[in-house]
Amino acid sequence: MGLLDKEFTDGNIVIAKADDILNWARLSSLWQLSFGLACCAIEMMATSASHYDFDRFGVMPRPTPRQADVIIISGTVTLKMATRIKRLYEQMPDPKYIISMGSCSNCGGPYWEHGYHVLKGVDRVIPVDVYVPGCPPRPEALLEGLLKLQEKIRNESLVKKTA
Amino acid sequence: MKNPQEIFEILSAQFPDANIQIDASLPVEPIISVNPLKINVISKFLAENNEMLFDSLMNLSGVDDANGTKTKDEDGNDVINGGTLSVYYHLHATKLNHKITLKVSAPRENPEVESVENIWKTANWHEREAFDMLGIKFLNHPDLRRILMPYDWEAGYPLRKDYKNPEFYQGMKVTY
Amino acid sequence: MALKTEELVLNMGPQHPSTHGVLRLELELEGEVVTNVKPHLGYLHRCFEKHCEAMTYPQVIPYTDRMDYLASMYNNFGYVVGVEKLLGIQVPERVEYIRVIMGELQRIASHLVALGTYGLDIGAFTPFLYCFIDREKILNLFEITCGARLLYNYMWVGGLSHDIHPDFVRLTKEFIPYFRPHIKELNDLLTYNKIFIERTVNIGVLPIDTAINYGASGPVLRGSGMKWDLRKNDPYSIYDRFDFDIPTGKNGDCWDRYYVRVLEMEQSLRIIEQAIDQIPDGDVQSAIPKRIKPPKGTVYSRVENPKGELGYFIISDGSTSPFRVKVRAPSFVNLSVIGEMCKGHLVADVVAILGSIDIVLGEVDR
């Protein structure tokens, strides 16, 4: 992003690589699917409220997966819900990113031992880009997870396949 | 306002053939145990009688008593044979302000208890949950099916003490 | 020429912006009018009761936090009161006062989320932001006491995990006059707004007898007109020393349930004001037993959660872990009334009714 805001000296003409422009556009307006499962969803709501604003990073909640770029899996994924998450993931158009928030969706969380109905980690059904640890993670931790995702997008390339 | 001993005496006088007993030996509250197939008429009496007026069912819980014999089956897992499954009812009267605890026990192999859904509608979902978690069948329930587990869960009743986890469910690995 | 009509089944699926979590509602419609609502639960079933049988008594407390994650102090409170009754121990006075203050602050925080998200369901975005600002102040108070913002693990069997911070009393005393005018501001924004009134008055009317028969409790029951609060009718801890009112509604519609919550926040402020001046000195950890091994027996203890009557039925078999813990969750029981309340209303009213019951899916599914 820094390389682009110094270029506006000469009559609004910007010269940059196509990779950089596309990545900058993608990371600055990540529209998220409003998908809260359990306790981490409350921390996600607190992050999007005014104290730790999410909107200043360009993240807006969208109700439908067809218009969303990023899905933040916040909360425990159960076996009953896992098939629905897979379906939602398949309904999102490319390029799509997943942030797994909280201990339950990273690896099963406190329910790893005796939870007969808990899926031990959402990466058993969908591929995850960023893991945010915590139970529940503080809003600042979620913002750091978002910044790490933005860094990952910044390093993407049209030519080289990353995933 | 009545205490549990008085309620027990009124009930045993009214229903002499329902095998009613009271157990006040353990803390904290005395428990009145009743025949499982008579719980519907007894509950109707408790809800409508003018001295009782128990109009609110606070809680209905299924319990696996685990009082049978433990053996090992062919895979080496624990299996409990015999014994009982129980259902506890906590009742409360809002106008007269007294409480009572009832208990019914049914054999583990074929647990059948009469439903009290026609008296207190709140029992509808509580009984579905007891069926889902422990396998207790409630007779005359309008809609007895699983409520918390998926509708096609084949692996048994999770809260029983000898429940074993399946390995896979619809392609997802269940165990850690 | 007669038109052929058919019933339509509409699915408000587990992922929906207005269902307050993962709840699936199957609506049967005649045109736009709802004839039947069938809720499907279990999308957040986390096997709490099986965990209780494997953990020791103190280890269960963090799991109780995660059931109703908006009011974790009260979940701890209910469990701890039950186990203390079974053990027969008495906690010090200082612990009782701090528990009441934390519980009432938690009640205000939980109602703020309920009111904020209810405004969001109806279509008003601003009350959500205003409520969350005030909630951050309360979470700050909790954070300086025990270090966590949402799930505290604060009330232990026989005492508390940490004593209160030296600044806690001063900050709470500053919070009370800061928050009172904000309740009035919320009333100006939302409660007497003409559009809000048109969307919630006479919607989802629940008569008192149906409510008691279905086991409803909390603001759902008080909104229908019954003056029933466990803090006064079945007192636990030291609530009988404080002076507060119990607000009730008149019609039993959505506006009444909403307004009961607003008035309860004011009453909670009154309790905190009375309690904060009377905290005695003492040691909060002196009564915590070294090893918790209750005698054989059963106990059913109930407390007044912000959502309703939360009950814990604990069976002990004399060992260090419980034999069976059954949680009577208020949202589970309150949700079963939705079939009765939605008949004859439009689809948009289902959202308003569901928001006014104020469910938390962690509690419904446990």
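Naming convention: chains lettered A, B, ... in sequence-line order (proteins, then strands); numbering from 1 in each chain. All values below were derived from every heavy atom in this structure, side-chain atoms included, with hydrogens, water molecules and symmetry-related copies excluded.
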*Count the heavy-atom pairs under 4.5 Å between each of C:Asp65, C:Asp365, C:Val360, C:Leu129 and chain A, then report the option with the highest count.*
C:Leu129

*Tell me, yes or no, whether the heavy-atom count around A:Arg124 atom CZ, taken from other residues, nucleotides or ligands under 6.0 Å, exceeds 12.*
yes

*Between A:Tyr111 and C:Tyr63, what is the ring plane arrangement, given parallel below 30°, perpendicular above 60°, and tilted in between?*
perpendicular

*Answer yes or no: does atom CD of A:Glu144 have more than 12 heavy-atom neighbours from other residues, nucleotides or ligands under 6.0 Å?*
no

*Check whether C:Leu41 gets within reach of chain A through its side chain, its backbone, both or neither, counting any heavy atom under 4.5 Å.*
backbone

*Pick one of side chain, backbone, both or neither for A:Ala49, based on which atoms fall under 4.5 Å of a heavy atom in chain C.*
both

*Do C:Gln15 and A:Leu33 have side chains that get closer than 4.5 Å, going by heavy atoms?*
yes

*For chain A, find which of C:Pro14, C:Gly13, C:Gly42 contributes the most heavy-atom pairs closer than 4.5 angstrom.*
C:Gly42

*Please flag which part of A:Pro139 lies under 4.5 Å from any non-hydrogen atom of chain C: side chain, backbone, both or neither.*
side chain

*Would a 4.5 Å heavy-atom cut-off, applied to side chains only, mark C:Arg149 and A:Pro136 as touching?*
no

*Closest approach of A:Gly115 to C:Cys47 (non-hydrogen atoms, all atoms of both residues)*: CA-SG, 3.6 Å

*Hey, which of C:Lys50, C:Glu53, C:Arg24 has the most heavy atom pairs under 4.5 Å with chain A?*
C:Lys50

*Any side-chain heavy atom of C:Phe132 within less than 4.5 Å of one from A:Met45?*
yes

*Relative to chain C, which segment of A:Leu79 carries a heavy atom at a distance below 4.5 Å: side chain, backbone, both, or neither?*
neither

*Where is the tightest heavy-atom contact between A:Leu37 and C:Leu44, given as atom of each residue plus distance?*
O-CD2, 3.5 Å

_Over 12 non-hydrogen atoms of neighbours within 6.0 angstrom of OH in A:Tyr97_ = yes

*Within a strict 4.5 Å, meaning less than it, do heavy atoms of the C:Met55 and A:His114 side chains meet?*
yes

*With under 30° as parallel and over 60° as perpendicular, where do the rings of A:Tyr116 and C:His45 fit, or are they tilted in between?*
tilted

*asked:* Checking side-chain polar atoms at under 3.5 Å, does C:Tyr43 have a donor or acceptor matched by the opposite partner on A:His117?
replied: no

*So what's closer than 4.5 Å to chain C heavy atoms on A:Leu88: side chain, backbone, both or neither?*
side chain

*Under a 4.0 Å N-O cut-off, is there an ion pair linking C:Glu143 with A:Arg138?*
yes

*Assess whether atom NZ of A:Lys96 is packed by more than 12 heavy atoms of other residues, nucleotides or ligands within 6.0 Å.*
yes

*Which answer fits C:Phe128, side chain, backbone, both or neither, if we ask what part of it has an atom under 4.5 Å from a heavy atom of chain A?*
side chain

_Value rounded to 0.5 Å, distance of CG in C:Leu70 from CD1 in A:Ile42_ = 4.5 Å

*Among C:Leu139, C:Leu151, C:Ile133, residue most engaged with chain A (heavy-atom pairs, under 4.5 Å)*: C:Leu151

*Name the region of C:Arg46, side chain, backbone, both or neither, that has any atom closer than 4.5 Å to a heavy atom of chain A.*
both

*Below 4.5 Å from any heavy atom of chain A, which atoms of C:Thr117 appear? Answer side chain, backbone, both or neither.*
side chain

*Where is the tightest heavy-atom contact between A:Pro110 and C:Arg66, given as atom of each residue plus distance?*
CG-NE, 4.1 Å

